Amino acid sequence: MVTWKKLSPEAIRTRVFDALQQNVNYYEENIIGIPASHLDDKVFYQDAPFLSNAPFLSTLIHNPNHIGCHTMGKSESFFKGTQEIEKELIAICAGEILKGNGDFDGYVASGGTEANMQAIWVYRNYFMKEFGADIREICILCSFDAHYSSSKAANVLNLDVASVPVREIDRSISPELVVEVIEDQKAVGKKYFITIANMMTTMFGSVDDVDIYTEALKRSGVHYRVHVDGAYGGFFYPFSTPETNLNFSNPEVSSITLDAHKMLQAPYGTGIFLIRKHLIQYANTKEASYVEGEDFTLIGSRSGANAIAVWMILMTYGPHGWYEKVLVLLNRTDWLCQRLDEMGLVYFRQEGSNIVTIKSDQISEETALRYGLVPDNHSAPHWYKAVIMDHVTIEKLEPLVADIQKIHNLKDT
Ligand SMILES: *Cc1c(COP(=O)(O)O)cnc(C)c1O
């Protein structure tokens, strides 16, 4: 088993450069059969002196292709060095961050949208292949606050979506409404439910009680699979709330999406898709005959540098360092909430989250615009959200609080 331990910059450098050594070298070897090469050397420096200290930039320039899924037997041997690091990254995310036992499949996707779509694609094909389901008998079950990528996936994969309303003020789903939505769907012929549980929604940071879904689904006697959308929360909530069951310790959870390009501050193009063994096969494209080891992913060619970037971040911090970073963000979020409480304002914050969503009538549009607060709906805002990221220090929050205070004082007089 791979363990996640903080590494020194020197150890990280050595590991990545060793991996690049095991990939093909277009300069030194005679590689004639693939439509791939290093980055264009008229545009991108190949031998700048700083590159020997820059494993990520060096990987970008070597430009390895991580096409396919490397946790599934064979992969393209041209890039086996860096693909091995991606495999290790997948094992750390599934095993150590999300408490999975044993082996998992997964890959670094373009983002949370693709990872969610990959999950829905796998389960759609699974229900059709194993149960002879008609596509009209399958639906996606999620909450109103679920990310719009579930609707996008539904459109691409030709499925219906059933959304469960959430309570206005605490953004939670209720057992009664989940049962009601499932029964309504059964009444129109749905028998197979691809359920998406949120581990921090984009707008509110709210977290679904996954037991509400699984208990209702079990009682209703339908077939179902559960995917957890941790695109926002996957690198945050497991650290702020280690007792959560939105992970692979819960046998009901089959797959999870994480986005390293959100809370982990990795470059864009670093969604992570994780799934229990023996499921990703349902997304196999057998026609991908020129790819060594076939293709089980939605994307096709993708940059190996993305996997290296995420791995480097995790290794630079180690589990304790990353936990401390999460604690700092939680502390600042607490500070903001205390100020709002002192003014008696209405806002939503999920425990263990770094998003504070404030009712729109307590903030002027001008203030929202000045601080780049994002509305739930650009044409008719009900809520504005503040996201306490790395760069959002208390010093940056102070003027926002002062502006809100001014509006609040005006209202009182
Ligand atoms: C951001 C987000 C997504 C989509 O991720 P992209 O990386 O933008 O494709 C999906 N789900 C949730 C909860 C998100 O916050």
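As the structure lists them, so they are numbered: ligands from 1, and atoms in each ligand from 1. The figures that follow rest on heavy atoms only: side chains count, while hydrogens, waters and symmetry mates do not. Predicted model, so just to flag it, every value in this text is computed and none were measured.
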*With respect to atom 9 (O) of ligand 1, which of D259, T201, T113 exhibits the smallest heavy-atom separation?*
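Heavy atom nearest to atom 9 (O) of ligand 1 belongs to T113.
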- Kindly identify the option in K262, K152, H147, M263 whose heavy atom sits closest to atom 1 (C) of ligand 1.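 Ranked by closest heavy atom to atom 1 (C) of ligand 1, first place is K262.
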Between the side chains of [Y] and [X], is the shortest nitrogen-to-carboxylate-oxygen separation below 4.0 Å, so that they form an ion pair?
{"X": "K406", "Y": "D403", "value": "yes"}
{"X": "K87", "Y": "D103", "value": "no"}
{"X": "K218", "Y": "E215", "value": "no"}

Q: Could you tell me how the ring of F104 sits relative to the ring of F248: parallel (under 30°), tilted (30 to 60°) or perpendicular (over 60°)?
A: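 If you compare the ring of F104 with that of F248, the planes turn out tilted.
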TODO: Just need the protein heavy atom nearest to atom 6 (P) of ligand 1, so name the residue and atom and give the distance.
DONE: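 Checked against all protein heavy atoms, atom 6 (P) of ligand 1 sits closest to G112 N, 3.4 Å.
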Which residue supplies the protein heavy atom nearest to atom 11 (N) of ligand 1, what is that atom called, and how far is it?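 Atom 11 (N) of ligand 1 sits closest to the protein heavy atom D229 OD2, 2.6 Å.
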Ligand-residue contact atoms, ligand 1 with [X], heavy atoms, under 4.0 Å:
{"X": "S149", "value": "10 (C)"}
{"X": "T202", "value": "12 (C), 13 (C), 14 (C), 15 (O)"}
{"X": "G111", "value": "7 (O), 9 (O)"}
{"X": "A231", "value": "2 (C), 3 (C), 10 (C), 11 (N), 12 (C), 14 (C)"}
{"X": "N116", "value": "10 (C), 11 (N)"}
{"X": "M200", "value": "13 (C)"}

Open item on the list: Centre-to-centre under 6.0 Å for Y126 and F131, is that the case here?
Closed with: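 Close enough - the centres of the two rings lie under 6.0 Å apart.
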F348 six-ring centre to R171 NZ/CZ under 6.0 Å and within 45° of normal: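 So R171 doesn't make the cation-pi contact.
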key: Criterion side-chain contact (heavy atoms from CB on, under 4.5 Å) against F127, the qualifying member of I135, I194, D134   =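 Running side-chain contact (heavy atoms from CB on, under 4.5 Å) over I135, I194, D134 with F127 returns exactly one hit, I194.
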- Message: So for atom OH, which belongs to Y45, do other residues, nucleotides or ligands contribute more than 12 heavy atoms lying within a distance under 6.0 Å?
- Response: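 Open: at most 12 neighbouring heavy atoms sit under 6.0 Å from OH of Y45.
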ask   = Is the closest heavy-atom distance from E114 to ligand 1 below 4.0 Å?
value =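 Heavy atoms of E114 never come under 4.0 Å of ligand 1.
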So is M199 touching ligand 1 or not, going by heavy atoms under 4.0 Å?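 It does not, in that no heavy atom of M199 comes within the 4.0 Å cut-off of ligand 1.
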